[in-house]
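Since the structure comes first, as structure tokens, the remarks are kept for the end.
Computed from heavy atoms alone, side chains included, the values below leave out hydrogens, waters and symmetry copies. Atoms within a ligand are numbered from 1 in the order they appear, just like the ligands themselves. Treat the numbers as computed from the prediction; the structure is a model and nothing was measured.
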Amino acid sequence: MSNPLLIILSAPSGAGKTTLCKRILADFIINISISVTTRQPRGKEQEGVDYHFVTEEQFLELKQKDAFAEYAHVHNNWYGTLKSSIDEALTNNQSLLFDIDLEGAANLARAYRTLRIFIEPPSIEVLEQRLRARGEDNEATIAMRLMHARQEIARKHECDHSVINKDLEVASKQIEQILLPHLRKR
Ligand code: 5GP
């Protein structure tokens, strides 16, 4: 196996990234990086499992202390990856999985060994249907997520691989093939 890697899955919300991340975590020996965010917890999300939920004041203090390897302002909230969590994994020779946006992926790629995978929805129309079916966002948020999705899809070539998530099983298999040379299976 090669040296530890930062494996980054980037995708517009609704592209199925969370499900694909869960499959990777179940199939391969890898931990997920838990980001810090100022967003409110949704549904069953838990502190320290899905995110570290902080106030804007706490986030900006960490930012001022240069604690973040990367951070971004996405959909009106702050999100960031702590340098300390990356350093800890790499020191222990462990690869880490990231569910972060393209901007964050590009910033990590400047400083670390990364493998970037873009998860693409089959079309913007399908993405819109999935976001509506999820029932989590109001009209304005859906419109903002779709605009952001178009911008991200236009930048997919920045990633090392791009996988279209039309069929979850097919996409999952493609990702497995990409990861097999880099990670051990459970
Ligand atoms: P959500 O609010 O749906 O959990 O995430 C919104 C977006 O923020 C997603 O595209 C997600 O990948 C991205 N994101 C989550 N954590 C981070 C992070 O630490 N850094 C960056 N740059 N983006 C993140």
>> If you take the centroid of each ring, where Trp contributes its six-membered ring, are Y79 and F59 closer together than 6.0 Å?
In response: no
>> Tell me the nearest of P41, S13, S35 to atom 16 (N) of ligand 1, using heavy-atom distances.
In response: S35
>> Strictly distance-based, threshold 3.5 Å: is any side-chain N or O of N138 a donor or acceptor partner for the main-chain N or O of A140?
In response: yes
>> Within the 4.0 Å heavy-atom shell around D99, which atoms of ligand 1 are there?
In response: 11 (C), 12 (O), 14 (N), 15 (C), 16 (N)
> What is the minimum heavy-atom distance between L96 and S85, and which atoms define it?
Replying inline: CD1-O, 3.9 Å
> How far is atom 7 (C) of ligand 1 from its nearest protein heavy atom, and which residue and atom is that?
Replying inline: V74 CG1, 3.9 Å
> Could you go step by step and tell me if S84 and D87 meet the side chain to side chain donor-acceptor pair (under 3.5 Å) rule?
Replying inline: CA-CA 5 Å; S84 56; D87 292 345; over 6 Å; no
>> Show me which atoms of ligand 1 lie under 4.0 Å from any heavy atom of G104.
In response: 22 (N)
> Which atoms of ligand 1 sit under 4.0 Å from any heavy atom of T81?
Replying inline: 19 (O)
> Quick one: does K17 get within less than 4.0 Å of ligand 1, heavy atoms only?
Replying inline: yes
> For K185, does the NZ atom have more than 12 heavy-atom neighbours from other residues, nucleotides or ligands under 6.0 Å away?
Replying inline: yes
>> Can you tell me if H148 contacts ligand 1 (heavy atom of the residue under 4.0 Å from the ligand)?
In response: no
>> Could you work out, for atom 22 (N) of ligand 1, the closest of I100, D101, N107 by heavy-atom distance?
In response: D101
>> Please check whether R42 reaches ligand 1 - meaning an N/O of the residue sits under 3.5 Å from an N/O of the ligand, judged on distance alone.
In response: yes
>> Taking 4.0 angstrom as the limit and counting only heavy atoms of A72, give me the atoms of ligand 1 inside it, by number and element.
In response: 22 (N)
> Same cluster or not: are I124 and I164 linked, directly or through other Ile, Leu, Val, Met, Phe, Trp or Tyr residues, by side-chain heavy atoms under 4.5 angstrom apart?
Replying inline: no
> Tell me: protein heavy atom nearest atom 6 (C) of ligand 1, and distance?
Replying inline: Y79 OH, 3.5 Å
> Between K166 and E120, is the closest basic N to carboxylate O distance under 4.0 Å?
Replying inline: no
> Around Q58, counting heavy atoms of other residues, nucleotides and ligands shown, do more than 12 lie under 6.0 Å from its CD?
Replying inline: yes
> If you count the atoms of ligand 1 from 1 in the order shown, which ones are under 4.0 Å from a heavy atom of G80?
Replying inline: 18 (C), 19 (O)
> Can you list the atoms of ligand 1 that are under 4.0 Å from a heavy atom of R39?
Replying inline: 1 (P), 2 (O), 4 (O)
>> Does only the side chain of Y51 get under 4.0 Å from ligand 1, or the backbone, or both, or neither? Count heavy atoms.
In response: side chain
Side-chain donor/acceptor pairs under 3.5 Å, residues 11-21, sequence neighbours excluded:
| unit_1 | atom_1 | unit_2 | atom_2 | d |
| --- | --- | --- | --- | --- |
| S13 | OG | R145 | NH1 | 2.9 |
| K17 | NZ | A11 | O | 3.3 |
| K17 | NZ | D99 | OD1 | 2.8 |

> Does any N or O in the side chain of D160 come within less than 3.5 Å of the main-chain N or O of R116, such that one atom is a donor and the other an acceptor?
Replying inline: yes
>> Looking at ligand 1, is there an atom of it that comes within less than 4.0 Å of some heavy atom belonging to E103?
In response: no
> Mind checking whether E45 has an N or O less than 3.5 Å away from an N or O of ligand 1?
Replying inline: no
>> Give me the residue, atom name and distance of the protein heavy atom closest to atom 20 (N) of ligand 1.
In response: E70 OE2, 2.8 Å
> Can you name the residues that form a side chain to side chain contact (heavy atoms under 4.5 Å, CB included) with L60, not counting sequence neighbours?
Replying inline: E56, K63, W78
